[in-house]
J.: 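Sharing a structure below in structure tokens format, with a few things to ask.
Only this structure's heavy atoms are used, side chains among them; waters, hydrogens and symmetry mates stay out. Chain A is the first sequence line, chain B the second, and so forth, proteins listed ahead of strands; every chain is numbered from 1. In this text the structure is predicted, and so the values were computed from the model without any measurement.
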There are 2 protein chains.
Amino acid sequence: MTNDNNNIRIVIIEDDQVIREGYAFLIGQSEGYEVINIYASFDEAAKKIVTDAPEVILLDIELPGTNGIEAIPKLKKVLPQTHILILTVYESEKLIFDALSNGASGYLTKNTPAAKIIESIKEVMQGGGPMSVNIARMVINSFRRNQDTPLSKRETQILELICNGKSRTQIANELFIDLETVRTHIKNIYIKLDVNSRADAIKTARDNRLV
Amino acid sequence: MTNDNNNIRIVIIEDDQVIREGYAFLIGQSEGYEVINIYASFDEAAKKIVTDAPEVILLDIELPGTNGIEAIPKLKKVLPQTHILILTVYESEKLIFDALSNGASGYLTKNTPAAKIIESIKEVMQGGGPMSVNIARMVINSFRRNQDTPLSKRETQILELICNGKSRTQIANELFIDLETVRTHIKNIYIKLDVNSRADAIKTARDNRLV
DNA sequence: AAAAATATCACCCTAAAAGGGTGATATTAG
DNA sequence: CTAATATCACCCTTTTAGGGTGATATTTTT
């Protein structure tokens with residue numbers, strides 16, 4: 001342990017005492033890292049964390065009181081420059097995207113070895129976005145379009161514009177085709193997707209990654 | 001070099017001869033990896049790649065003729081199970097998302113050390129999604145919502161429903177509030193975003209990551 | 001405690017848009 | 001050569017969107 005103030009200042013918020021103190025010990029004894037404080041919940045951390053002024057927060061999702069996902073925007077509000085690294089057992093797609101859209105800088109699962117966590121802390125400080133490999137795959141898949149769509153190219157294109165909230169008229173103008181042609185395409189899209197409204201078409205499109 | 005058919009079968013498509021053969025050599029001499037073929041362009045690869053039956057393709061973006069981005073869906077069409085790893089100097093957000101949405105399984109920049117590339121090949125075979133750290137940050141940032149939105153919580157919620165193509169009536173039903181209340185919120189959203197149509201609101205929302 | 005922002009509802013209005021039905025024709029791709 | 005695709009046309013009714021102007025209660029911030 002050193003008093004060198006070039007150390008990366010870290011705070012851990014994690015309800016499991018064993019994990020919390022385990023990580024604190026492992027990270028704290030690494031050269032260049034300093035665990036400023038550890039907390040069992042966000043609510044406990046809330047009062048003191050601003051004065052802790054951490055550069056990186058290791059945050060669990062399952063916490064008593066305010067859960068980790070909800071805690072992210074609150075933490076970012078008082079510590080905008082601080083990087084938040086999610087460290088959790090959960091691999092649900094919804095939780096991952098909620099965490100990232102709320103402002104998390106990375107997402108690690110708890111089976112991650114300590115060395116990798118320590119490396120990830122440095123990475124996040126240098127502008128990286130550390131993720132466990134399986135998380136990365138989920139994130140990548142969320143971009144991937146379905147390769148076997150029932151829709152033709154034109155229909156996909158029009159469906160995309162519908163997802164952008166464009167009206168038939170706007171679509172017609174944008175594609176230099178007649179309003180009636182747009183209508184026909186939309187009708188065919190509806191038939192193929194088995195829907196009968198824009199909202200349903202968008203939902204089906206998103207669910208099946210057609211856009 | 002070994003004839004062991006448990007090796008990971010790799011094809012490299014890369015126009016720079018030095019890089020192409022350099023990678024081929026480095027990967028080929030690694031235990032468990034086998035470079036089946038190397039090509040200078042997709043068009044050259046197209047004829048033979050099906051019989052190559054690679055498990056992983058290392059693909060450059062800047063290629064003569066068909067570029068790497070366009071090549072991805074064509075490759076996935078004839079080799080649906082094959083993982084495509086983009087290996088390029090480009091770090092533009094558009095190229096990254098185009099690559100991923102076209103079906104790439106990972107995205108590495110060319111400054112990546114050979115050892116990391118070799119590790120990434122194994123990772124992608126095991127269901128991971130390897131990315132360079134800076135790429136990962138860009139991908140994560142694409143999920144991140146703007147923290148200082150001009151909109152209130154309710155307005156953000158309604159804007160999200162608008163992005164899902166919901167009508168005022170549907171929104172009212174979903175939120176258990178009056179149709180007129182929804183109207184008022186939408187009016188206020190329009191004022192705050194300085195727009196006057198759903199399509200423009202959606203565009204502004206997406207551009208500013210309000211949703 | 002006062003001021004500002006937010007969430008809720010009401011009613012005026014008109015033009016645009018959506019959705020369903022039916023049919024036709026030219027081009028393209030398998 | 002047949003199926004899919006892309007294009008356009010006209011019938012119809014109901015819903016939606018957007019603008020204006022107002023009120024009131026709650027919540028948040030100052």
Side-chain angles (χ1 to χ4, degrees), chain A residues 46 50 66 70 73-74 77-78 146-205 210-211, chain B residues 46 50 70 73-74 77-78 80 146-205 210-211:
Chain A
V50 179
T66 310
E70 296 162 358
K74 296 180 197 289
K77 192 161 191 175
V78 292
N146 192 343
Q147 300 292 299
D148 52 284
T149 163
L151 303 180
S152 73
K153 241 181 194 167
R154 197 55 146 178
E155 286 162 354
T156 302
Q157 188 182 23
I158 287 174
L159 183 56
E160 206 150 355
L161 294 171
I162 285 179
C163 288
N164 291 332
K166 302 287 175 72
S167 72
R168 300 165 175 176
T169 315
Q170 290 173 308
I171 295 173
N173 291 335
E174 203 156 313
L175 301 182
F176 303 105
I177 56 179
D178 195 275
L179 174 62
E180 285 303 322
T181 305
V182 176
R183 288 206 62 200
T184 307
H185 283 307
I186 294 177
K187 286 173 191 170
N188 290 331
I189 292 169
Y190 284 10
I191 292 169
K192 287 185 179 177
L193 300 189
D194 191 28
V195 297
N196 49 16
S197 76
R198 294 168 91 82
D200 287 346
I202 292 172
K203 178 162 174 35
T204 304
L210 302 179
V211 293
Chain B
V50 179
E70 295 161 358
K74 298 180 197 288
K77 191 159 191 177
V78 291
N146 193 344
Q147 300 293 301
D148 52 286
T149 165
L151 304 180
S152 72
K153 239 181 195 169
R154 198 55 147 178
E155 286 163 353
T156 302
Q157 187 182 25
I158 286 174
L159 182 55
E160 206 150 355
L161 294 172
I162 285 178
C163 288
N164 291 332
K166 301 285 174 74
S167 72
R168 301 164 174 176
T169 315
Q170 290 174 308
I171 295 173
N173 292 335
E174 203 157 311
L175 301 182
F176 303 105
I177 55 180
D178 194 274
L179 173 61
E180 284 303 321
T181 305
V182 176
R183 288 207 62 200
T184 307
H185 283 307
I186 294 177
K187 285 174 192 170
N188 290 331
I189 292 170
Y190 283 11
I191 291 169
K192 287 184 180 178
L193 300 188
D194 190 28
V195 297
N196 49 17
S197 75
R198 295 168 90 83
D200 286 346
I202 293 172
K203 178 162 173 36
T204 304
L210 303 179
V211 291

J.: For A:Arg183, report the nucleic acid contact type (base, sugar-phosphate, nothing); a contact means any heavy atom under 4.0 Å.
T.: base
J.: So, is A:Thr169 close to the C:dA16 phosphate, meaning a side-chain N or O under 4.0 Å from OP1 or OP2?
T.: no
J.: Side-chain contact test, heavy atoms from C-beta onward, threshold under 4.5 Å: evaluate it for A:Leu210 versus A:Pro150 and give yes or no.
T.: yes
J.: Which whole-number value in Å describes the distance from B:Ile191 CD1 to D:dT21 C1'?
T.: 12 Å
J.: In whole angstrom, what separates A:Arg198's CZ from C:dG19's C1'?
T.: 10 Å
J.: Write down the distance between OH (A:Tyr190) and P (C:dG21), rounded to a whole number of angstrom.
T.: 13 Å
J.: Using a distance-only criterion (donor-acceptor N/O pair, under 3.5 Å, no hydrogens), is the base of C:dG19 paired with the side chain of A:Lys187?
T.: no
J.: Consider the side chain of A:Asn196, meaning its heavy atoms from C-beta on, and name the nucleotide among D:dC8, C:dG19, C:dA7 that approaches it most closely.
T.: C:dG19
J.: Whole-Å distance between D:dA17 P and A:Gln170 CD?
T.: 13 Å
J.: Work out which heavy atom in A:Asn146 is nearest to a heavy atom in A:Asp148; give both atom names and the distance.
T.: OD1-N, 3.1 Å
J.: Let me know the distance between CD of A:Glu180 and P of C:dA17, rounded to the nearest Å.
T.: 13 Å
J.: Between CZ of A:Arg183 and CD1 of A:Ile171, what distance do you get to the nearest 0.5 Å?
T.: 12.5 Å
J.: Over how many whole Å does the gap from B:Ile186 atom CD1 to D:dG19 atom C1' extend?
T.: 13 Å
J.: Which residue lies toward the 5' end of DNA chain C, B:Leu151 or B:Phe176, if each is placed at its nearest nucleotide?
T.: B:Leu151
J.: Just how far, in rounded Å, is P of D:dT5 from CG of A:Asp178?
T.: 21 Å
J.: May I ask you to evaluate whether B:Thr181 reaches the phosphate of C:dC9, defined as a side-chain N or O under 4.0 Å from OP1 or OP2?
T.: yes
J.: Would you say the side chain of B:Leu193 lies within less than 4.5 Å of the side chain of B:Leu151, judging by non-hydrogen atoms?
T.: yes
J.: Taking the side chain as every heavy atom from C-beta outward, state whether B:Leu161 and B:Leu175 have any pair of such atoms under 4.5 Å apart.
T.: yes
J.: May I ask you to test the B:Thr149-B:Glu155 pair for a side-chain heavy-atom distance under 4.5 Å?
T.: no
J.: Do any side-chain nitrogens or oxygens of B:Arg154 fall under 4.0 Å of OP1 or OP2 in C:dT6?
T.: no
J.: Looking at B:Lys192, does any N or O in its side chain come under 4.0 Å of the phosphate oxygens OP1/OP2 on C:dT6?
T.: yes
J.: Tell me which of B:Ile177 and B:Pro150 sits closer to the 5' end of DNA chain C, going by the nucleotide each one is nearest to.
T.: B:Pro150
J.: Which nucleotide in the set C:dA7, C:dC9, C:dG21 lies at the smallest distance from any side-chain heavy atom of B:His185?
T.: C:dA7
J.: Between D:dG18, D:dT7, D:dT16, spot the one nearest the side chain of B:Arg168, thanks.
T.: D:dG18
J.: D:dA6, OP1 or OP2 - any side-chain N/O from A:Ser152 closer than 4.0 Å?
T.: yes
J.: Just to confirm, is there a sub-4.0 Å distance from OP1 or OP2 of C:dA7 to any side-chain nitrogen or oxygen of B:Thr184?
T.: no
J.: Between D:dT7 atom C1' and A:Ile171 atom CD1, what is the distance in whole Å?
T.: 16 Å
